[in-house]
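Just so it is clear: chains get the letters A, B, ... in the order the sequence lines come, proteins before strands, and each one is counted from 1.
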Number of protein chains: 2
Amino acid sequence: MSAARPADHDHTHCIADALTRADALCAERGARLTALRRQVLELVWTSHRPRGAYAILEDLSQREGKSTAPLTVYRALEFLVEQGLVHRIESLNAYIGCAAPGAVHSGQFLVCEACGNAVEIDDPRIRAAIDTTAAERGFRVNRPTVEVRGMCTDCQEKSP
Amino acid sequence: MSAARPADHDHTHCIADALTRADALCAERGARLTALRRQVLELVWTSHRPRGAYAILEDLSQREGKSTAPLTVYRALEFLVEQGLVHRIESLNAYIGCAAPGAVHSGQFLVCEACGNAVEIDDPRIRAAIDTTAAERGFRVNRPTVEVRGMCTDCQEKSP
DNA sequence: CGGGGCGATGTTATAGAGTAACAGCATGTC
DNA sequence: GACATGCTGTTACTCTATAACATCGCCCCG
């Protein structure tokens, strides 16, 4: 997967793809992907590393040539998360573009502590195990969060 | 489990147990559970709801009769987390007492969005599923975090 | 075409979460 | 008793996030 090999891929494709899919999805749903929201989405996609809201805020301010308020970014992020275009990485207080918007989101991530990249996965076995144990305890699952900290393949090769 | 039935149990037992186990574990390890750290642990155990560092800070200041600095609490929490006596709930930026200190910690929680209680679980199937999918992708697992938002049994009964 | 309503954005202020750098104290060890 | 180490205190600061309220713009309906 390209996201796991940041050095090997043309990231402009990732960004363009994400924007195209977002346009299509929002049009389909009648959701308003405004210029501001679209720009924030683009800035979230700057890399495959989760980005903090204030990093996005800085970029946005620079682009606009005027200082923007945090709320502006947070509201855009809220919209994007609701639409499933962006995920929040809880353990980092940061945001990352969704790899497969429109599909079911289980919210599972492999977060490399060395390079900072986060790869979204959707492993049905993890989800099944969560559902099973929750059912056994009478707990109704709403939003399962799985964030696995560790080291990705590339970084393991680099550091023995 | 008592944690899932907060109304039914004498919580002073939970607190006393937690402190006793902490004393024993730290003595065994040669770790210094100072008066301050012990007090912070007690305040984390105020309930079965994850507590924010600043809530603990307020309580501590009140007890001491003087205002305490955030760092004081954070340092104590850091120690307690290292010793496995307290867990951090990433999705809430909050801390909760460990239900089974001394045992292996996989860091799995069922968090009720209605009452705020968080129950720690340690389901080997979830852990196995995570290990399997990580291995398949060549990802080395360091710290898996599983936080399932949803509704506990009690709250489901109360709200139809 | 005009008004009404609603959702999006702007503004200001504030709360909550966490860390850096440095000073001082206590506790055990030799 | 002197030292070393680790715990605690102090001050200041950064980052993350939200509240409350004003305004703008667009679409719909009459």
At less than 4.0 Å, is any side-chain N or O atom of [X] found next to OP1 or OP2 of [N]? Yes or no.
X	N	value
Arg88(B)	dG18(C)	yes
Thr72(A)	dT9(C)	no
Arg38(A)	dA8(C)	no
Arg37(B)	dT8(D)	yes
Tyr95(A)	dA17(D)	yes
Thr34(B)	dT8(D)	yes

Q: Could you pick out which residue, Glu58(A) or Glu64(B), lies toward the 5' side of DNA chain D when each is mapped onto its nearest nucleotide?
A: Glu64(B)
Distance, rounded to the nearest Å, where [X] contributes [atom1] and [N] contributes [atom2]:
X	N	atom1	atom2	answer
Leu60(B)	dT8(D)	CG	C1'	12 Å
Arg51(B)	dG18(C)	CZ	P	14 Å
Tyr54(B)	dA15(C)	OH	P	13 Å
Leu80(A)	dA8(C)	CG	C1'	13 Å
Leu36(B)	dG9(D)	CG	P	6 Å
Leu71(B)	dG18(C)	CG	C1'	8 Å
Ile56(A)	dT16(D)	CD1	C1'	12 Å
Asn93(B)	dA15(C)	CG	C1'	13 Å

(Q) If we ignore hydrogens and angles and just use 3.5 Å, is the side chain of Gln156(B) paired with the main-chain N or O of Met151(B) as donor and acceptor? (A)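 Between the backbone of Met151(B) and the side chain of Gln156(B) there is a qualifying donor-acceptor contact (under 3.5 Å).
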Q. Is it true that a side-chain atom of Arg37(B) and a backbone atom of Arg32(B) form a donor plus acceptor pair closer than 3.5 Å?
A.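 Checking the backbone N and O of Arg32(B) against the side chain of Arg37(B), a donor-acceptor pair under 3.5 Å is found.
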Q: Examine the base of dG9(D) for any acceptor or donor lying under 3.5 Å from a partner atom in the side chain of Arg75(B), and report the outcome as yes or no.
A: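 Result: at least one qualifying N/O pair found.
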Q: List the steps and the verdict of side chain to side chain donor-acceptor pair (under 3.5 Å) for Thr132(B) and Arg125(A).
A: CA-CA 9 Å; Thr132(B) 300; Arg125(A) 293 164 297 190; 5.3 Å; no
Q) Is it true that Asp131(B) and Arg127(B) have a side-chain N and a carboxylate O under 4.0 angstrom from each other? A) yes
(Q) Does the structure show Tyr74(A) stacking with dT18(D), if we require the centres to be closer than 5.5 Å and the planes to be within less than 30 degrees of parallel? (A) no
Q: Consider the side chain of Arg32(B), meaning its heavy atoms from C-beta on, and name the nucleotide among dC7(D), dG18(C), dA17(D) that approaches it most closely.
A: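 Within the option list, the nearest is dC7(D).
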Q) Choosing from dT18(D), dC7(D), dT10(D), which nucleotide comes nearest the side chain of Pro70(A)? A)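 Taking heavy atoms from C-beta onward, the closest nucleotide is dT18(D).
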(Q) Reading DNA chain C from 5' onward, which residue's closest nucleotide shows up sooner: Leu92(B) or Ala35(A)? (A)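 Taking each residue's closest nucleotide, the earlier one in sequence belongs to Ala35(A).
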Q. Under 6.0 Å from the CD atom of Glu90(B), do we count more than 12 heavy atoms belonging to anything else shown?
A. yes
